[in-house]
Amino acid sequence: MQHTLAKEVAIKGIGLHSGCESLLNIKPAPANHGIIFVRSDIDAHTGIKATYNNVVDTRNCTCLGDAKGNIVSTIEHLMSTLAILQIDNAIIEINNPEIPIMDGSALPFYHAIKKVGVVAQNSPRKKIKVLRPICFDDGKGAVVKLLPSDDFAVDFIIDFPSKVVGHQEFSSTINEDLFASQVAPCRTFCEKYQVDYLKSIGLIKGGSLDNAVVLDGDTILNEGGFRVPNECVNHKVIDAIGDLYTADHQIIGKLIATKSGHYHNNQILKVLFSNPANYQIVEE
């Protein structure tokens, strides 16, 4: 059956790019409502549904927008958590354009929602079953594929010049236990020179070692280093799960991703839905 939260949960944190405090309220919603983000700082804002065709920017995160130019950015870590917990319906109120970055991972969202609980609703849950292989290749080395599968699985490969990151691979069927222990704790990561540049152009005002893994050459600046082996590729899996959940339903298929990001995740959904022969909507 479809699911929503058992009760409202409030989360407070800093926006990564704005540096402003974000107040996030995730509320239960009725069956067949979907996941809708509402800007509580805008009078009579009707909300933006978390669907791939409402994604307006993928440069540094996944950003939703409406026809009036209102946006909600950095939704991917929260969306990933909603996907894993099988939450189909929720109203997500946010008091500024940016979801709080928390510690740079999905774990704070996971713990917060698990604490209030999830309840089943009186409507069958729909999923999107991939029927035939599809691919998006950006021509620059990044490739994303969706293949038919009996489960939701992810194969992800990254390659970075830093010896600390280098070549990392993730390959597994995705379930809640794996997500909670090996995927959700993994933080966003970047090189120090990238941080310096982004700060110089007025971005990541809220960025710090408290919400990202920062690499300086072959050194990890964060005390304690990585939380799990291959933390970097595992974080990319968080992003992929969250971005794919903008399909409006959970996907039954295998994602194969090489050196890709938010843009590619959005593009593969556009390819998927461009032809009805690519997929089938099934009920559990």
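In this text the structure is predicted, and so the values were computed from the model without any measurement.
Residues Ile238 and Val183 come closest through the heavy atom pair CD1-O, 3.1 Å. When all heavy atoms of Ala240 and Leu255 are compared, the closest pair comes out as CB-CD2, 3.7 Å. When every heavy atom of Ser40 is checked against every heavy atom of Asn95, the shortest pair comes out as OG-CA, 3.2 Å. Residues Tyr279 and Leu272 come closest through the heavy atom pair CD2-O, 3.4 Å.
By the 4.5 Å heavy-atom criterion applied to side chains, Ser22 and Ile94 are counted as neighbours. In this structure, the side chains of Asp155 and Lys254 come closer than 4.5 Å at one or more pairs of heavy atoms. Counting heavy atoms from C-beta outward, Gln250 and Tyr245 have side chains that approach closer than 4.5 Å. Considering only heavy atoms from C-beta on, Ile113 comes within 4.5 Å of Ile26 through its side chain.
Taking 4.0 Å as the cut-off between side-chain N and carboxylate O, Asp103 and Arg227 count as a salt-bridged pair. Using a cut-off of 4.0 Å between Lys/Arg side-chain N and Asp/Glu carboxylate O, Asp248 and Lys126 are scored as not salt-bridged.
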May I have the step-by-step check of side chain to side chain donor-acceptor pair (under 3.5 Å) for Asn54 and Thr51, ending in yes or no?
CA-CA 5 Å; Asn54 285 331; Thr51 53; 3.2 Å; yes
Show, in sequence, the C-alpha distance, side-chain angles and deciding distance for Gln2 and Asn32, and conclude whether the side chain to side chain donor-acceptor pair (under 3.5 Å) test is met.
CA-CA 8 Å; Gln2 293 180 31; Asn32 302 308; 2.8 Å; yes
Carefully, step by step, assess Asp66 and Lys68 under the rule salt bridge (charged side-chain N to carboxylate O under 4.0 Å, His left out).
CA-CA 5 Å; Asp66 63 18; Lys68 295 182 179 180; over 6 Å; no
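Looking at His3, its side chain does come within 3.5 Å of a backbone N or O of Met1 through a donor-acceptor pair.
Among Val55, Asp243, Ile251, the single residue meeting the side chain to side chain contact (heavy atoms under 4.5 Å, CB included) criterion with Leu269 is Ile251.
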